[in-house]
Amino acid sequence: MMDGSAGVSGRRVADESVLDDPDTFAEQDPGGMLRFTASAGAQVRESASLAAEANLSLLEDDGRPRAVVIAGIGTAGRTGDVLATVAGPRCPVPVIPHRSAGVPGWVGAADVVIAVSASGRSPEALGAAEAAHRRGARLVAVGAPDSQLQSVAERARAPFIPVPRRAPARASLWALTVPVLLAARTLGLVKVNEADLAETAARLDADADRCRPTAESFVNPAKSLALGLAGSIPIVWGSSPLATVAARRFGDTLSANARYPVVTGALGEAGRGRVGLLDGVFGGLVESARDIFADRDETEGDPTRLRLVLLRDGGLNAEDDTDEPLAVEERRAEAVQTLAERRGVRCDVVTAEGGSALERLASLVAVPDFASVYLALAHGLDPMAVPAITEMKELSNQ
């Protein structure tokens, strides 16, 4: 172990042996990030129950809105991306994620604002809720109970869905997302039924079991993915809009939990420029000089290399003629895998499973979420405590 210039402890080179010694996890993960990550299925069930108790029927009184704005930052902001993707191209109104304070200038009485904050005190969500109230827009608030956000919602006589603050925001994706989806369902924007929620929760439970700390690396998909990414520059591309949301989510957790720089995005956009990274100084140029027979210890001084992670949807969009045809997505995914293989860039593929958009998204998010935590632990980093985030808040608040 070594300390960085800001007193950050960790290992420059990942230690594989740590991941097959669960006894060390309690020491290296004192905040319980693995436990919180494993709670995703329970989050779906609990937040669905809490949303059912909220008075969402108030939203129905004025009918379908002109537009829906989802206001929040970080993981809360990611809920807007999930809603927009699950609603899909046939959604009857625009769904607009908004990640800065206040609301867009056009928002008025014909619109709905969903303000989301795990803590209930983020300036972005609070500013959006206040602005929505002033402008007469319908408001829904999602966040910690007994928080500033709840106070704003009560003042506006707007529905508030309490999300108990049991985990840090980045481990609370499903607790925040489900209330947003159910509010949108009340508005007639998405078709998410109780069976979809139950199957999504079951999928998350099953993946948590596959990725449990006691499952050894050779049978644990998250540990295997983490070890494949160790020491690399990850590129995570999604083959569809749904898979792209999962790709960006993986970028969030790799950065925050494992402190890895990462390139994320849509495979379609990558084909217009970023796919050139495979030819670059971290891709084909360095891979051509790699000794494939060298032991890991002999390659520790080698240049950093790219590692491609491809999230493939496999979609259920054959009947939706406004989506990009599934065949196009599949050909594009096959093409980039071939390009990576020709250049010696290693590629991991995670393929979606499930009968609904929400369950397929869960199947693309669960294993990468665990992988980001295992990668942090392999480097001796506490995935919960991120000193730079704390210092950034302190310095900004001054």
Side-chain angles (χ1 to χ4, degrees), residues 67-70 72 74-99 114 116 173-174 176-178 180-181 183-185 187 189-192 196 199-200 203-204 234-254 262-275 308-337 348-369:
V68 175
V69 173
I70 302 89
T75 302
R78 196 63 70 200
T79 65
D81 299 332
V82 174
L83 173 56
T85 307
V86 171
R90 288 188 175 181
C91 183
V93 306
V95 174
I96 302 165
H98 184 71
R99 290 179 166 84
I114 305 177
V116 187
L173 174 67
W174 297 101
L176 297 173
T177 294
V178 170
V180 171
L181 291 173
R185 183 180 72 177
L187 293 166
L189 307 186
V190 290
K191 296 178 180 178
V192 176
D196 294 334
E199 289 161 5
T200 298
R203 172 77 56 183
L204 291 166
I235 298 180
V236 189
W237 285 329
S239 68
S240 71
L242 189 81
T244 299
V245 172
R248 293 192 168 120
R249 162 67 178 179
F250 195 16
D252 295 342
T253 57
L254 278 174
V262 57
V263 177
T264 65
L267 194 51
E269 294 175 356
R272 300 296 188 270
R274 286 192 174 183
V275 74
L308 178 61
V309 180
L310 186 58
L311 304 185
R312 297 186 63 165
D313 186 359
L316 297 176
N317 64 1
E319 62 185 24
D320 195 342
D321 54 13
T322 58
D323 271 347
E324 185 170 54
L326 177 59
V328 173
E329 293 179 4
E330 293 294 291
R331 285 200 303 271
R332 190 182 288 136
E334 296 290 347
V336 78
Q337 286 180 246
D348 297 285
V349 179
V350 180
T351 303
E353 299 177 356
S356 68
L358 193 62
E359 185 183 355
R360 295 204 316 281
L361 178 65
S363 73
L364 292 174
V365 166
V367 171
D369 271 5

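Here, residue 1 is the first one in the sequence, and each next residue gets the next number.
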*asked:* Could you go through Q337 and L308, starting from their C-alpha distance and side-chain angles, then the distance that decides it, and tell me whether this counts as side chain to side chain contact (heavy atoms under 4.5 Å, CB included)?
replied: CA-CA 9 Å; Q337 286 180 246; L308 178 61; 5.8 Å; no
*I would like to know whether L361 and T85 meet side chain to side chain contact (heavy atoms under 4.5 Å, CB included); could you show each step before the answer?*
CA-CA 10 Å; L361 178 65; T85 307; over 6 Å; no
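A search for salt bridge (charged side-chain N to carboxylate O under 4.0 Å, His left out) contacts involving E359 returns R203, not counting sequence neighbours. Scored by the side-chain contact (heavy atoms from CB on, under 4.5 Å) test, R332 finds L267, E324, V328 as partners (sequence neighbours excluded). Listed by chain and residue number, D81, D252 satisfy the salt bridge (charged side-chain N to carboxylate O under 4.0 Å, His left out) test with R78 (two or more places apart in sequence, or in another chain). Judged as a side-chain contact (heavy atoms from CB on, under 4.5 Å), and not counting sequence neighbours, the contacts of A247 are V236, L311. For A87, the side-chain contact (heavy atoms from CB on, under 4.5 Å) partners two or more places apart in sequence, or in a different chain, are C91, V190. Under the side-chain contact (heavy atoms from CB on, under 4.5 Å) criterion, A366 pairs with L204, D207, not counting sequence neighbours.
One finds no salt bridge joining E329 and R312 here, because no Lys/Arg side-chain nitrogen approaches an Asp/Glu carboxylate oxygen to under 4.0 Å.
When all heavy atoms of T244 and G238 are compared, the closest pair comes out as OG1-O, 3.4 Å. Considering all non-hydrogen atoms of both residues, P97 and G77 come closest at CB-O, 4.4 Å. Here the closest heavy-atom approach between residue W237 and residue T264 is recorded as CD1-C, 4.3 Å. Closest approach of A362 to T200, counting heavy atoms only: CB-CG2, 3.7 Å. When all heavy atoms of L189 and P92 are compared, the closest pair comes out as CD2-CG, 4.0 Å. Heavy atoms only, all atoms of each residue included: A246 and L364 are closest at CB-CB, 3.7 Å.
Without hydrogens or angle criteria, R360 side chain to A352 main chain gives no donor-acceptor distance under 3.5 Å.
Evaluated for a side-chain contact (heavy atoms from CB on, under 4.5 Å) with L83, the options V192, V180, V245 yield exactly one hit, V180. Considering I114, V69, I70 as possible partners of V95, the one that fulfils the side-chain contact (heavy atoms from CB on, under 4.5 Å) test is I70.
Few gaps surround CZ on R248; more than 12 heavy atoms of other groups in view lie less than 6.0 Å from it.
Within the 4.5 Å cutoff, the side chain of W174 has no heavy atoms near those of the V82 side chain.
Rounding to the nearest 0.5 angstrom, the gap separating the CG atom in D313 from the CD atom in E353 is 12.0 Å.
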